[in-house]
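To start, the structure itself, in structure tokens.
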Protein chains: 2
Amino acid sequence: MMEARPYANVIEVIRAARLRPTRQRLALARLLFESGDRHVTAEQLHNEALTAQVPVSLATVYNALHQFVAAGLLREVVVNPGRSYFDTNVSDHHHFFHEDDGQLTDIAGDRIEVKDLPKPPPGTAVRRVDVIIRVAQKDKQ
Amino acid sequence: MMEARPYANVIEVIRAARLRPTRQRLALARLLFESGDRHVTAEQLHNEALTAQVPVSLATVYNALHQFVAAGLLREVVVNPGRSYFDTNVSDHHHFFHEDDGQLTDIAGDRIEVKDLPKPPPGTAVRRVDVIIRVAQKDKQ
DNA sequence: GTGATTGCAAATCTTTTGCACTAAA
DNA sequence: TTTAGTGCAAAAGATTTGCAATCAC
């Protein structure tokens, strides 16, 4: 399991992504990948790093997040205009989006079946199918 | 049909939304609703208005778009972090998102069936289900 | 060493806001 | 005349960029 040799594992993960295991990337990877599935914004992760006594600049957090996405270690979830969420669960799955507090919750991929997926337009291929179930408190409005 | 008395119709639509039919709102509503289903950004609509010799400020475009959304005349579609699209089709349907050029295309609601929709978390109700099929050119990457 | 990475501050981009002016009812 | 709506310029919030200093190999 990852818990057994967490430090070593994170180094391997970063090396596999063809990135240098710098202090900053290691710390961010540990925060992201060593506590189960997470959905974080750049600013949240930045704050966590500072709290954990790891000085990192926000620009470096953005760099790392995008590099991790490019390497397939993270997935960017778009639910809110003007703010990106990064999801450590890169397997096929979907999301509840809680409009009241901006929280994301995973829905296992096999819990939703999309039937009759239309053919993509000629010349194009499907990159991903995102299903977002927007929920809010029952009594609201 | 809407084509028969376009001007009068747009006035009625705006009045029904409990908004005053100002020159700006009328012009924006005509651009939006008198040429079939559309997906526009605030800036696009602003440019169209200026091109059509209708001086409007960008702030007013944003105001109008949000008021139209609140009135149920438009739907906001979130596919891109940092930019909102507004969809004149407010019926139940989904979208292709063309990652190459940022275009949105409608998918009729009955072309996709979401099976086994999970129960929303306790105390919450489903507001909307968004299905976004992200497509890109086949040869890309 | 040398090429990648970082941090900072400035820049960019979209959207929102405050407020005096104008227009609709 | 009363209240809503508009335009402008400034502000806000998220993200990106340029570049000198620093670090990994």
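We name chains A, B, ... by the order of the sequence lines, and we start the count at 1 in each one.
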Quick check on side-chain hydrogen bond (donor to acceptor under 3.5 Å, both in side chains): which of His39(B), Arg75(B), Arg38(B) does Asp87(B) satisfy it with? His39(B)
Just how far, in rounded Å, is P of dG5(D) from CD of Gln24(B)? 11 Å
Sort out for me which residue in Val135(A), Leu104(A), Ile132(A) forms a side chain to side chain contact (heavy atoms under 4.5 Å, CB included) with Phe96(A). Val135(A)
For Arg15(A), answer base if it contacts any base atom (sugar-phosphate contacts may also be present), sugar-phosphate if it contacts only those atoms, and nothing otherwise; contact means non-hydrogen atoms under 4.0 Å. sugar-phosphate
Should His94(B) and Asp130(B) be marked as a side-chain hydrogen bond (donor to acceptor under 3.5 Å, both in side chains) after you check the CA-CA gap, both sets of side-chain angles, and the distance that decides it? CA-CA 6 Å; His94(B) 302 293; Asp130(B) 289 338; 5.6 Å; no
CA sep, side-chain torsions, deciding dist, call: Glu76(B), Ser84(B), side-chain hydrogen bond (donor to acceptor under 3.5 Å, both in side chains): CA-CA 7 Å; Glu76(B) 191 171 357; Ser84(B) 278; 2.6 Å; yes
Hey, which sits more toward the 5' end of DNA chain D by its nearest nucleotide, Arg20(A) or Ala59(B)? Ala59(B)
Check whether any side-chain N or O of Thr60(A) sits under 4.0 Å from OP1 or OP2 of dT6(C), and answer yes or no. no
Would you say His66(A) reaches dT16(D)'s phosphate, i.e. side-chain N/O to OP1/OP2 under 4.0 Å? yes
Over how many whole Å does the gap from Leu65(A) atom CG to dT16(D) atom P extend? 10 Å
Phosphate contact (dT15(D) OP1 or OP2) by Tyr62(A) side-chain N/O below 4.0 Å: yes
Can you tell me if the side-chain N/O atoms of Arg83(B) get under 4.0 Å from OP1 or OP2 in dT12(C)? no
Write down the distance between CG (Leu58(A)) and C1' (dT15(D)), rounded to a whole number of angstrom. 8 Å
Rounded to the Å, how far apart are Arg23(A) CZ and dC23(D) P? 8 Å
Counting side-chain heavy atoms from CB outward, which of dT6(D), dG5(D), dT15(D) is closest to Ser84(A)? dT15(D)
Under 3.5 Å: donor-acceptor pair, side chain of Arg15(B), backbone of Val10(B): no
Phosphate OP1/OP2 of dC23(D) contacted by Arg25(A) side-chain N/O (<4.0 Å): no
Under-4.0 Å side-chain N/O to phosphate OP1/OP2 contact, Thr22(A) with dA4(C): no
Does Gln67(B) make a side-chain N or O approach to OP1 or OP2 of dA4(D) shorter than 4.0 Å? no
What is the separation between atom CG on Asn63(B) and atom P on dT16(C), rounded to the nearest whole Å? 9 Å
Would you mind classifying the nucleic acid contact of Pro21(A) as base, sugar-phosphate or nothing, using non-hydrogen atoms under 4.0 angstrom? sugar-phosphate
Interatomic distance, Leu19(B) CG vs dA24(C) C1' [rounded to whole Å]: 13 Å
Provide, to the nearest angstrom, the distance between the CG atom belonging to Leu28(A) and the C1' atom belonging to dT5(C). 13 Å
Find the distance Arg18(B):CZ to dT3(D):P and express it as a whole number of Å. 16 Å
